Every structure is written in structure tokens, then in C-alpha cells.
2 protein chains.
Amino acid sequence: MRKAKIHSMEELSATIGISRPTLSRYFQNPESVRASTARKISDAMETLDYVPNFFATRLNRKATGMLGVVIPHATDLFFASVLEQIEIFAAELGYTVFTQSSHGSPELESRAIEQLLSMNADGVLVAPLGGQSRLESLDRLRRNLPMVLVDSPIPGLDDVDFVGTDNRQSIRMIGEYLLRTGHPPTFLGMPRLNANADSREAAYIELMEEKGLEPVVIRGRSVGASWHFEAYAHDVMEGHFAQGRHVSGALLCANDRLAIGALRAATRFGLTGENGLRIAGHDDHPLSRFMTPALTTVAQDIPAIARAALRLVADQIKGDSHDLPPRRETFATRLIIRESA
Amino acid sequence: MRKAKIHSMEELSATIGISRPTLSRYFQNPESVRASTARKISDAMETLDYVPNFFATRLNRKATGMLGVVIPHATDLFFASVLEQIEIFAAELGYTVFTQSSHGSPELESRAIEQLLSMNADGVLVAPLGGQSRLESLDRLRRNLPMVLVDSPIPGLDDVDFVGTDNRQSIRMIGEYLLRTGHPPTFLGMPRLNANADSREAAYIELMEEKGLEPVVIRGRSVGASWHFEAYAHDVMEGHFAQGRHVSGALLCANDRLAIGALRAATRFGLTGENGLRIAGHDDHPLSRFMTPALTTVAQDIPAIARAALRLVADQIKGDSHDLPPRRETFATRLIIRESA
DNA sequence: TCCTCCCTTTTACGCGTGTAAAGATATGCG
DNA sequence: CGCATATCTTTACACGCGTAAAAGGGAGGA
């Protein structure tokens, strides 16, 4: 059945004989018109092909009902998971989410921000690239729209709400676990891409020094800061293992993707057996439990992070609280002991 | 430095003393105005905070420059990778991409389609849920917008362009490899979520029968068709292994995520050693090379798929070729031999 | 200096919908 | 059946910008 295509509300009004203002109210809320009228309209719609134009709809409203999200990489399951949760909660709140990925590029991140500004979104959630992010862009965004930083804060952009994981708590938890079960861990840091890289490393060092132990941090030559964490960790550790370094004890990786790469390298060097090198990660990547050996890690509370982020923007949006002191919500992680450590 | 916020082009015009039509032309193409004028404007912009409204901009044009994308799950790295490539190529073509994930839900898929329709996008790329997709929604989309199906075709929606992988070729290639190197494979199918599930299984059966061998297909009770492929495969295979079934020979999995789950189960049963069970996958999941043992698989040509999908919509958009016969482009895969088979 | 040519300004309308105001009509009740 | 009230129609303006047409202004050449 080929329904007749209607292009505007005006046209709809003409063809079904109901005034445009009434139609407008109907599409915003069918119950705002008399039941008999609503029936007449919905009956007519059976035969017709019409959808109100989303943007024309918002053009003349103060709130657009749109939320922008910027993430560094859609192909990183951590961000994909956060995004998924954000979309779910945003839908519950009646927001439409528009996501832009920066593909790891500061320029694309700026463009994404520009895009969201020009869309006049009600608010924006940004998981920033980190150190590479262009401060002017983020600052401009902050000045113009309700905004919340997610996952990684930005040094130099302190007056913005932030939601993320308590890296100090999480690293201490997994670190203490490793210590408790016998091995002072070496730390495999991620490429210095964002603030998490620093704060996790700092938490590790603090813990070690607190215990009177020597912190040992491995960091490869950051060859053009790469988001290919698995490959990065694999190559770095392979280099060490080949020279007999770090072949025993425990290795605490700044995130699971690194751990997966390290695990692979260790396995190839036959280091992961009984009494071999213990490896632990951070994040509870969806595939971590399927690794061999299954990866011991800490799980970030992604739903809580997503929910909090939405709550904070929503507050800013309704409260117009541009001048309130910035809020900072971090969540604790959960220790997940598997086989690798 | 706090730049003064300007809310409309009208306002901009008033404050910098340049007529709105000229500003309009400037923002569309700075070279369409005299160089001295362009300078005057860009100089003024240094002090001011203004971005033309994206949607108002498109409201009065025939083409909106927007492309819609619908994927089943942002947290499936295959779709995330496809999306990433689509975004890259779309940017090259000057399109702005708006992505909606259906989170595996037919209802959300329909809503996403509705959303894209109401946005008046120039075209839409849909990686459908598959059998669960609501045909009316997809059909409505097809009638109203240039559209291309990606990854999985929809039975019953045949007059739509399709871009994907040649499952027959890919399954035969990996299947023949397994046979050539010694083992007639058993097939672990994915939950019947989309057409790929069927066509890969069909390709397997065809190959086996052609070789005069008995096809053996494993399929768990599809407990509410699940997208948790790894867990699904793990549980199904664990059940078999526990009863001593399929513990040797070769297992061909319909995709890598299944293979990862199966691999994990096999490893726990000590089946993956020398002369043990051989396991192969399909897709070359980004983490497959980091599995232990590293997963033998076939790689889909994701960039080619993304590029072709964009080419097809672009053709439809410019050609208004709504009545041309539907085109169907499938790409060959590349055999990637690692350790698992 | 005058006259083109090019770019700009002015003016006006259009995109599809929200929304306010005033008048017309339908609904429900006594 | 008449009236008060809820709802609808009509009319008009607004949102932010594209764009066409006509008129204005400046730079360059003769």
C-alpha cells in the first residue's frame, strides 16, 4: 500500500481538513486535543505518509531536546559502552542524543564541538581526547552550553562538572590485591593520552611508596600517541620479555586493552603459566573474561557514570547554573578476580 | 577572554555593520565575497562568539547534507568499525553523519528510522537487526529516502541496494582451508538474528555436501535471540564439551565473537593444544589476533563496504534513481591464518 | 571626469513548525 | 432549549537562515 506523501503540516491540514495549529498541538501531545479530534487525525494518518520535521519543530523552542555526546573512539568498547548507557538513560529523559566521534583527532574533536554548538543542543557530554584536546574549543563549548566532562578531566578546564571513575581508589584496590597475594606490581602505563593515564600512574606510585616499595613504571616511547592499546602493549612488553625483563612477578596495566596485549605477549613467551607473570587490568573490558587466562581486573561502574553525567547536564539545563561551583563525581570500581592474577 | 555572544546572523549583521545576505554568503563560502569584506568579517569574528545554526541553515535547502546511519549495536566492534569508516568517507564527501543505535531492539530500530525520516536526511545507511526488524518501518524509509542496506539484507525487502560481504565466498574459503589442512569442520551458527546467520550456514552446508561430507551444525536453543555472542558460544560449547561432543576436529564459527567464546570454553576443557580442537572464526575482530591461541579467521573488507555503501547512497541522492533496479555489491574476504586452526 | 562592472545593501519571500490572540463552533449541563 | 465552557479555526508573527531582485556604492578604464 503506497501512502500519499505529505510534506508539511500545512499540506496535511489542507488534505484532512483540520487546522494547522490543532495539528501542531496533536503532534506534540495527542491528549491536548479533544479525543474525537485525535481520532480523526490518527485515522487520517493511516492513509498518509507524514512526519513532522524534527528541526523545524525545535527551531522556535527554547529547548531543543537534543543532547550532544563526543567520544574519542567509537571502536573502543569502553566508550561504546558508556555511550550505550548514555543513550538509554537519555531516552528515558526524553532527550535525543547526537554522537560525534573524534576518531582520536584533536581537529575532528574541535569540529565535533563546533557541530554541536551549531546544532544548539541543550547540553553536551564530552569524553575528551585529553592532553591533545584543544582547550579553546572545549572552553568555548563550556561558555555556551551546559557541559559535562566524562571519563577524563581536562587540566586547565577546572570549572566544569566531571563524572568518572575514582582512579586512585581503583588502582589502590587492584594494587593492594596484587601485593596482598604476593607480588609488588610493575605498572604498564598507557600512552599519555588523557588525564587517566596520569592519575592511574600517580595512584600506583603513591601506593608503592606508601608501602615502602620501589615503583616501576613501564612506558614505551610514545610513538605518536596511539589508541591501538593492545598492539602498543604487546609490542612494548615483547621488547622487554625478549630481553628477560619483567618476566615474573606482577604487571598492573592501566587498562584492560593494554592488559590484553601484554597477556598475549606474555603467553607467547610462556610466562603465564603456574608461578609465572601475573597480569591485571583495569575497566573490565567485555572480552576480558574470555581471555586465556581470564583477566583479573576492576570494573568501572559505567551505568552509574552515564546516569550521573546525565543528571549533571540536566541540572545545568534546568537550573541555568552556569555559575555554581563545578561538581565532581567519581565512582568506585569493583574488583574482579579471575585467572590472570 | 570572554567573547560577546551573538545569537543570530541578524544580530551579527547589526553589530558588525555588514548585511545579512552578505554574511550568509560568507559563511557558505568565504571566497564568494570580496577579499576585503571577508577580512572585515573574519576580523570581527575574532571578538565575537557566533556559529550559524546548523538546522536553520538546511531548512530552506533541497539537500540537507545529512546522512543517517542505523546500526544494531554500538558495542559490537564490527559495527563500530563499519561506522568509523562510514564517518571517515562521509566527511570526505561533505556529509554530516547522524548515527542511531537500535540496541538490538526492533522498537528502537523503528524509532531510529522515524527519527531519520523526521530529520529529512539526504540518505540513510541501515545495518538492520535482521529478522526482527519491522518491515513496515524499513519499507517506509525506503519509499521516502535514498537508502542502502549494509551488512545484512532483509528478506522481503528486495528492491533496495545492498552492500556486504560475500558470505558464500568467505565461508567456502575458510571451510576449504580447514578441509585442506585435515579436518571437516563442524559449524557453530549464530543466533538467527539476521540474514548473515542463514547465508553463512547455507554456505557451509553447500560446501560440505559438495565434498560429499555430512554437515554438522551446532545451534543452541536460541534463548531470546541474544547479541551476547561470546557468552552464547561459550555456554553452548561448554555444554557440548562437558558431554564429550565436538571435542576434536575443527569448529567453524559464524563470526569471531562466537569463536572467542568457543575458544574460551575449549581452552577450559584443555582442547586447544597440539592436535586438539581447531577453531576458526569470521570477521577478523580487532582482538582476534590477541587471543590465545590467536584466532584463524577471514577478514571482511570493511573500508570497501563503507565506501561502496556511501557511493550507492550518493548515487541515489544525485540521480534520484528511485526506480533503477536494486544494486547488490558484495566483497570478498581475506583468509587470515593464525594459530587456532 | 564619466561610465562600466562588480560587489554590496535593501527588501522581501520562503523553509516547516511553534504559538499567541481573537473569533467561531461544538460540547455538556441544567 | 439556552447558556457557559472547552475546543477549534483564523490570522498573524516568530525562529534563523537561504536566496532572489532591485537598487546602491566603489574601483578601474577611457
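To find a chain, count down the sequence lines: A is the first, B the second, and so on, and within it residues start at 1. Only a predicted model underlies this, so the values are computations on that prediction, with no experimental measurement involved.
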Please work out if [X] contacts a base, only the sugar-phosphate, or nothing of the nucleic acid, heavy-atom cut-off 4.0 Å.
X	answer
R20(A)	base
S8(A)	sugar-phosphate
T57(A)	sugar-phosphate
Y50(A)	sugar-phosphate
P21(B)	base

Item checked: Listed partners of D76(B) passing salt bridge (charged side-chain N to carboxylate O under 4.0 Å, His left out), at least two apart ->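 With neighbours one apart ignored, the set is R257(B).
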Sequence neighbours left out, what passes side chain to side chain donor-acceptor pair (under 3.5 Å) with [X]? Give chain and number order.
X	value
E114(B)	R140(B)
R61(A)	Q28(A)
S81(B)	none
S137(B)	S110(B)

Item checked: R327(B)/D161(B) salt bridge by N-O under 4.0 Å criterion -> yes
Check: For DNA chain C, which nucleotides open and close the run of contacts to chain B, 5' to 3', at under 4.0 angstrom from a non-hydrogen atom?
Finding: dC7(C) to dC15(C)
Check: Partners of H73(A) by ring pair (Phe, Tyr, Trp, His ring centres under 6.0 Å), sequence neighbours excluded?
Finding: W227(A)
Checklist line | By ring pair (Phe, Tyr, Trp, His ring centres under 6.0 Å) - contacts of F27(B) (at least two apart) | finding: Y50(B)
Check: Heavy atom of residues 25-43 of chain B under 4.0 Å from DNA chain D: which residues?
Finding: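 Correct list: Q28(B).
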Which pairs would a plain distance check flag for residues 302-313 of chain B, meaning a side-chain donor or acceptor within less than 3.5 Å of a matching protein atom at least two apart in sequence or in another chain?
unit_1: R311(B); atom_1: NH1; unit_2: E329(B); atom_2: OE2; d: 3.1
unit_1: R311(B); atom_1: NH2; unit_2: E329(B); atom_2: OE1; d: 2.9
unit_1: R311(B); atom_1: NH2; unit_2: E329(B); atom_2: OE2; d: 3.4

Below 3.5 Å, can you tabulate the donor-acceptor pairs from side chains in residues 118-128 of chain B to any protein atom, sequence neighbours excluded?
unit_1: S118(B); atom_1: OG; unit_2: Q115(B); atom_2: O; d: 2.9
unit_1: D122(B); atom_1: OD1; unit_2: T64(B); atom_2: N; d: 2.9
unit_1: D122(B); atom_1: OD1; unit_2: T64(B); atom_2: OG1; d: 3.1
unit_1: D122(B); atom_1: OD2; unit_2: T64(B); atom_2: N; d: 3.3
unit_1: D122(B); atom_1: OD2; unit_2: G65(B); atom_2: N; d: 2.7

Check: Of all nucleotides in DNA chain D with an atom under 4.0 Å from a non-hydrogen atom of chain A, which is the first and which the last going 5' to 3'?
Finding: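 Taking any atom under 4.0 Å from a heavy atom of chain A, the span is dT7(D) to dC15(D).
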Next item on the list: Run the numbers on E87(A) and T99(A) for side chain to side chain contact (heavy atoms under 4.5 Å, CB included), then give the verdict.
Entry: CA-CA 9 Å; E87(A) 287 185 342; T99(A) 305; 4.0 Å; yes
Notebook entry, point to check: Closest nucleotide of DNA chain C for L59(B) versus for S19(B): which of these residues is on the 5' side?
Noted result: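 Nearest nucleotide further toward 5': that of S19(B).
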